[in-house]
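Here's the structure, in structure tokens; my notes come after.
Naming convention: chains lettered A, B, ... in sequence-line order (proteins, then strands); numbering from 1 in each chain. Quick caveat, the model's predicted, so the values are computed rather than measured.
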2 protein chains.
Amino acid sequence: MDASTYHHGNLRSALLEHAAAEIEESGVEKLSLRQVAKRAGVSHAAFAHHFGSAQGLLTGLAAEGFTMFGKALSDARNHDYSQGTDLLETSGLAYIQFALDYPQLFSLMFSSKLPDFSDPTLDGASMKVFQAFIADVHGRNVLEVDGPGGVDIVAMANWAKVHGLATLLLTGRMRSVLSLDATQQTGAIRQILANGGS
Amino acid sequence: MDASTYHHGNLRSALLEHAAAEIEESGVEKLSLRQVAKRAGVSHAAFAHHFGSAQGLLTGLAAEGFTMFGKALSDARNHDYSQGTDLLETSGLAYIQFALDYPQLFSLMFSSKLPDFSDPTLDGASMKVFQAFIADVHGRNVLEVDGPGGVDIVAMANWAKVHGLATLLLTGRMRSVLSLDATQQTGAIRQILANGGS
DNA sequence: GCGCTCATCTTGCCAGTGTCAAGATTATTT
DNA sequence: AAATAATCTTGACACTGGCAAGATGAGCGC
């Protein structure tokens, strides 16, 4: 906070914040550490101590993203639960809404190979979210259908559909849906999620 | 082909080939133009005339990828059609198989933002594949369900499920499925595709 | 208060990147 | 054979991330 001091105080979180902003502006692919450093008013090598390398920064950013993602999902769940809305539909919509709200962050979390996904913090944060989402599926579908090796078929099918819809919308495919206005678009997404397909 | 000549002859396709190989080895994110040039036995600036910029190369590569993708899908369709296998299941499995066979290329085509997707060649190649896949959905589901704005709900739901499953498998999520051996894995994928979810 | 230790941040450098301009070389056309 | 166009090379540029060495100040025992 205090820019006049030699020691920044909370450089780590400040860098994460600026990096998140930079990413959301220009995309993950053209992120420059030096640019982020300049933005934070700090030298280009100040990263080293906090993140080690560029991968470290992106790992931290992705972990923070999953925390936000989890919060967004649980917020939606808690808000709609009282109103008796369908749990799975609520979660799916929140999942997709998060992707559309933070497109670059979402693609860092799910499409990029730059973060170190074996990092315990990142791995823990992501697993927590996935398990919560799958629990939502079970909250709706009482029946659990086990496939080979005990794979939860229903949960995986729903996860795949929601996630696929999110990424296809995000990457500009599905033009028939994207060309609709906001309310129609939500309606279409709702119907796609409700439709079993296959 | 003739390495002794000053003019390469078919540098464009040679560069595409080497770039594809490099990508499949080291990933899209760390692709280096100079490395590809060295591999092709050519100077680092030989790209310019054929692709303009790095984006041009990746655009061409993605377009080639969609052509391959389309061929893989139609091969599977033609092969299984005679055997009376389910059309949608066949297409879905081929879709996922392609993603697993060419993981880096697939992620360039669907997850990267580096190629210029508004390029007519690339756009045309991708649209052709998507339309063929959606036609497969209709070949199976005679009924077309229109949502708001005339969105084909059934087709989009199936596309989302197949694509989501492909990307989640590719990025190492869905560990319960990935830990299975080959045959069990195919069986699980088949069941997930068959399950409507929702 | 003092002095020590260590985390934090800066400066300066390095090899490597993609792009551009200018020129060399060869194909193609006239 | 000469002129023109396509193709490829060389050399430079600004930029990148990472590393080493040193400057700065916070925290802590005394």
For [X], what residues pass the ring-ring contact (aromatic ring centres under 6.0 Å, His included) criterion, not counting sequence neighbours?
X        : result
A/Phe47  : none
B/Phe66  : B/Phe110, B/Phe130
A/Tyr102 : A/Phe98

Partners of A/Asp101 by salt bridge (charged side-chain N to carboxylate O under 4.0 Å, His left out), sequence neighbours excluded?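 Testing A/Asp101 for salt bridge (charged side-chain N to carboxylate O under 4.0 Å, His left out), a comparison that skips the adjacent residues, returns none.
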Determine which pairs satisfy side-chain hydrogen bond (donor to acceptor under 3.5 Å, both in side chains) with at least one residue from residues 14-27 of chain A, sequence neighbours left out, and list them in order.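 Sorted result for residues 14-27 of chain A: A/Glu22-A/Arg39, A/Glu25-A/Arg39.
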Any pair with a residue in residues 164-176 of chain B that passes side-chain hydrogen bond (donor to acceptor under 3.5 Å, both in side chains), sequence neighbours left out, goes on the list, sorted by first then second residue, please.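 Matches after skipping sequence neighbours: A/Asp123-B/Arg175.
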With A/Pro148 via side-chain contact (heavy atoms from CB on, under 4.5 Å) - residues at least two apart: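 B/Gln184, B/Ala188, B/Gln191.
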Can you list everything that forms a side-chain contact (heavy atoms from CB on, under 4.5 Å) with B/Leu114? Sequence neighbours excluded, please.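 Listed in chain order: A/Glu29, B/Leu58, B/Ser112.
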Expected output is a numbered-order residue list: members of residues 52-63 of chain A with a heavy atom under 4.0 Å from any atom of DNA chain C. What is it?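 Within this stretch, nothing sits under 4.0 Å of the strand.
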Sorted by number, the residues of residues 44-51 of chain B with heavy-atom contact under 4.0 Å to DNA chain D: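 Going residue by residue through residues 44-51 of chain B, the ones with a heavy atom under 4.0 Å of DNA chain D turn out to be B/His44, B/Ala45, B/Ala46, B/His49, B/His50.
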Enumerate the residues from residues 16-30 of chain B whose closest heavy atom to DNA chain D is under 4.0 Å, giving them by residue number; use none for an empty result.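 Within this stretch, nothing sits under 4.0 Å of the strand.
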N/O to N/O distances under 3.5 Å, protein versus nucleotides 3-5 of chain D:
none

Please determine whether any donor N or O and acceptor N or O are separated by less than 3.5 Å between the side chain of A/Arg34 and the base of D/dG17.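 When only heavy-atom distances are counted, A/Arg34 does reach the base of D/dG17 through a donor-acceptor pair under 3.5 Å.
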How long is the line joining CG of B/Leu114 and P of C/dT17, in whole Å?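 Going from B/Leu114 (CG) to C/dT17 (P), I get 16 Å.
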Looking at B/Ser43, I'd like to know whether one of its side-chain N or O atoms comes within less than 4.0 Å of OP1 or OP2 on D/dC8.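 So the side-chain polar atoms of B/Ser43 never come under 4.0 Å of the phosphate oxygens OP1 or OP2 of D/dC8.
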